Amino acid sequence: MQPSNYVPPATSPKSDFEAVEIDGGNDGQQQMSGISKPQKQSGLAGASANLVNSIVGAGIIGIPYALRESGLIAGLFLLLLVAWLTDKSLKIIVGLASFHPKLKNRDVSTFEDLASYPFGNFGSKFILLNMFVMAYGAMVAYLLIIKDTIPSVLGIENRFERTLIMIATSITIMLPLSMQRDMASLSFTSLISVLADVVLVGFITAYSPIKDAVEEAGGFVEVLKQDAVNPTLFIGLGILSTAMACQHSAFIVSGSLENKTMSRWSKVTGFSIGISAILCAILGVSGYLGFLEETEGDVLNNFQDSFAAHGARILLAITMFFTYPMESFVARHVLVQLFHNGDLDGRDLTPGGETDGKEAGGYFCFNRRQTWSFAIYLMALLPALIVDDLGPVLSITGSFGGGCIAYMAPGLCYLGVNGDAFLSFARGLVGNRGSSREGGTLTQADLPVAGSSNTIMTTDESNERKPVWWYLFGFPMWTKIAQIGSANMAVTLGSAAIKEAAAYDEDCMVPTRREFFIAIFFICFGVLSLVAGVGSNIYVQLTRE
């Protein structure tokens, strides 16, 4: 049964064409990455634990700092908004790849492959770049937290000794876990990490000096008056985006889920995002109210040394030890995609691509998987040796990587994959001006220009008069995105595949009017988060002493 506001696919409405160059397409055959499939899978509990662990990483300890930058009321509102956007985006990207009628039978198993269908090679590289930014920034943050926590527990203040402890603990705990092949192997450590986070939230709630700090500030009402909304709120948004962002690991987690259906995936995302948002809200409010304007990027640095504080630091270190591998998996996935077309096992180095269960490639005594895991560790270690302040690392990572991959990319993919349906929807908004074609069949508008499979004919509606709101709400840009996506889909899937798209069923993701507006909101919010977040960070770093 299709939803009542379902928008049927339709092709371009006119025959006035302009040529648009799109990088991608291969004469109707999509070049999918040869990604190595997981050998282990997990159930709902295991997948949920992995997703919660991916979300509640270094970002959770920076939530109080995010509320300091955003303001208490604005920060909580942004946390709820980011949580909803995260849950929605996870359903969008995995739903498009696994349950969209045009793609559900094509084994789209990565975010970059999904983006390559409507946007070609550019879409794939855009996703890979931002996946790496998110994962790399998180790994640096985890190492910084280890440098802050373990030496503090041991009473070590010397910078050189603190650095040696960070290297020793990370190379003996983080690195071996990062060298695992499948994320399902991390289900148990992820569960331990989540439990440690719960206890950590309990500690900060119980020991944060909320009463004293609020009384010194003139009472809770005065705190709200002074810190409800701050001009640096976009710095806080960047940290919140980092804390909740997991789109870069969504396909790795969903690929490990046994019997993946839209319903089961929705249960995983709903439970994981809900638990993560609750933990972030409790820790954020408790930590911020305890220290107000003195709140540091790592709120545990605000606590005086005590047995309880050292216990909390140990719990945080455990969380970082077990969360780092999640991000390392993502960074390794990106580099293996770029350099080996997704072949983690070294099949390209063996006759016939058969490995007989043994992995090839790599250097020295390492195979390819281990070599890249070690190289990524060294790349993350270098800045962690130099940088000390966690707050800017979280904020810049979230503003740049989060704005692009968490918000813009899901919206762009939704418009691109459903490009023909969106064009039909847009024509309906202006009263079906111009000629309209029935159904979803292909016409000349959807086919490549003669002589080049990368040059697509798209419609030019500039000679049609549109109402003022059409331009005010950016519909020329949205329809352009949809045209490019529709045309590239026709090339990468081929005309036969378009006509033979999978039949609609209860597990299909069909385009609706409401989802189109949500997709547009995602794109706008992502652009705002990126520009304002990066700009605010630059301004603060230049002006704050």
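Quick caveat: nothing in here was measured; it's all calculated off a predicted structure.
Between Val417 and His100, some side-chain heavy-atom pair lies under the 4.5 Å cut-off. By the 4.5 Å heavy-atom criterion applied to side chains, His340 and Leu335 are not counted as neighbours. Within the 4.5 Å cutoff, the side chain of Pro383 has heavy atoms near those of the Tyr136 side chain. Using a 4.5 Å cut-off on side-chain heavy atoms (C-beta onward), Ile318 and Ile192 make contact. Annotation: side chain of Phe234 is in contact with side chain of Leu528 (closest heavy-atom distance under 4.5 Å). Considering only heavy atoms from C-beta on, Met509 comes within 4.5 Å of Tyr414 through its side chain. Side-chain contact check for Ile481 versus Phe119: some heavy-atom pair is nearer than 4.5 Å. Using a 4.5 Å heavy-atom threshold, the side chains of Met166 and Ile150 count as separate.
Every residue meeting the side-chain hydrogen bond (donor to acceptor under 3.5 Å, both in side chains) condition with Ser241, not counting sequence neighbours, appears here in chain and number order: Tyr407. Taking the salt bridge (Lys or Arg N to Asp or Glu O under 4.0 Å) definition, one finds that Arg159 meets it with Asp388, sequence neighbours left out. Partners of Ser170 under the side-chain hydrogen bond (donor to acceptor under 3.5 Å, both in side chains) rule, at least two apart in sequence or in another chain, are Tyr377. Arg332 pairs by the salt bridge (Lys or Arg N to Asp or Glu O under 4.0 Å) definition with nothing, not counting sequence neighbours.
Expressed to the nearest 0.5 Å, how far CG of Leu67 lies from CG of Leu289 amounts to 8.5 Å. Distance check: Leu316 CG to Ser193 OG gives 9.5 Å after rounding to the nearest 0.5 Å. Rounding to the nearest 0.5 angstrom, the gap separating the CG atom in Leu237 from the OG atom in Ser529 is 4.0 Å. Going from atom CE of Met139 over to atom OG of Ser178 covers 8.0 Å, rounded to the nearest 0.5 Å. For the atom pair CD1 of Ile63 and SG of Cys280, the computed distance is 4.5 Å after rounding to the nearest 0.5 Å. Going from atom CE of Met174 over to atom CE of Met320 covers 7.5 Å, rounded to the nearest 0.5 Å.
Aromatic pair Phe291/Phe303: ring centres closer than 6.0 Å. Under the 6.0 Å cut-off for aromatic ring centres, Trp265 and Phe99 do not qualify, their centroids lying 6.0 Å or more apart. Between Phe322 and Phe188, the distance from one ring center to the other does not fall under 6.0 angstrom.
Between the side chain of Ser70 and the backbone N or O of Leu233 there is at least one donor-acceptor pair closer than 3.5 Å. Using modelled atom types, one side-chain atom of Thr189 and one backbone atom of Leu186 make a donor-acceptor pair closer than 3.5 Å. Asn302 places a side-chain N or O within 3.5 Å of a backbone atom of Glu294 that can act as its donor or acceptor partner. In this structure a side-chain-to-backbone donor-acceptor pair under 3.5 Å is missing from Ser208 to Thr205. Between the side chain of Ser48 and the backbone N or O of Ala45, no donor-acceptor pair lies under 3.5 Å. At distances below 3.5 Å, not a single donor-acceptor pair connects side-chain atoms of Asp298 with backbone N or O atoms of Ile61. Not one N or O on the side chain of Ser272 forms a donor-acceptor pair closer than 3.5 Å with the backbone of Thr269. A donor-acceptor pair is defined here as one N or O able to donate and one able to accept, closer than 3.5 Å; no such pair exists between the side chain of Gln180 and the backbone of Leu177. Side-chain N or O atoms of Arg368 include one that pairs as donor or acceptor with a backbone N or O of Asp343 at under 3.5 Å. Proximity of a side-chain donor or acceptor of Lys147 to a complementary backbone N or O of Val387 within less than 3.5 Å is detected.
The two residues Thr295 and Val299 come nearest to each other via the heavy atoms CG2-CG2, 4.3 Å. Scanning all heavy atoms of the two residues, the minimum distance from Arg162 to Pro151 falls at CG-CB, 3.5 Å. When all heavy atoms of Ala409 and Ile127 are compared, the pair lying nearest together is CB-CD1, 3.5 Å. Of all non-hydrogen atoms in Leu143 and Ala384, the two that sit nearest each other are CB-CB, 3.7 Å. Nearest heavy-atom pair, Glu327 versus Met134, reported as atom, atom and distance to 0.1 Å: OE1-O, 4.4 Å. For Ala380 against Val140, the heavy-atom pair with the smallest separation is O-CG2, 3.8 Å.
Screening residues 76-91 for salt bridge (charged side-chain N to carboxylate O under 4.0 Å, His left out), with sequence neighbours left out, gives Asp87-Lys91, Lys88-Glu515. Listed by first then second residue, pairs satisfying salt bridge (charged side-chain N to carboxylate O under 4.0 Å, His left out) with a partner in residues 281-290 number zero, not counting sequence neighbours.
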- Determine, step by step, whether Leu338 and Lys125 satisfy the side-chain contact (heavy atoms from CB on, under 4.5 Å) criterion, reporting the C-alpha distance in whole Å, the side-chain angles of both residues, the deciding distance to 0.1 Å, and the verdict. CA-CA 9 Å; Leu338 291 175; Lys125 295 300 187 292; 3.9 Å; yes

- Task: Check the pair Ile55 / Leu51 against side-chain contact (heavy atoms from CB on, under 4.5 Å), numbers first and verdict last.
- Result: CA-CA 6 Å; Ile55 298 169; Leu51 190 57; 4.2 Å; yes

- Query: Given Phe374 and Arg369, is the side-chain contact (heavy atoms from CB on, under 4.5 Å) satisfied, shown in steps?
  - Reply: CA-CA 9 Å; Phe374 185 67; Arg369 164 172 54 86; over 6 Å; no

- Apply side-chain contact (heavy atoms from CB on, under 4.5 Å) to the pair Asn367 and Thr371, showing each step before the final yes or no. CA-CA 6 Å; Asn367 56 34; Thr371 299; 5.9 Å; no

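One side chain, Tyr288 or Asp227, offers a donor N or O that lies under 3.5 Å from an acceptor on the other. One side chain, Asn50 or Ser190, offers a donor N or O that lies under 3.5 Å from an acceptor on the other.
Counting non-hydrogen atoms of other residues, nucleotides and ligands closer than 6.0 Å to CD of Glu293 gives a total above 12.
Checking each of Asn158, Leu381, Leu385 against Thr163 for a side-chain contact (heavy atoms from CB on, under 4.5 Å) leaves exactly one that passes, namely Leu385.
Ion pairing of Asp305 with Arg313 is present here, as a side-chain N (NZ or NE/NH1/NH2) and a carboxylate O approach within less than 4.0 Å.
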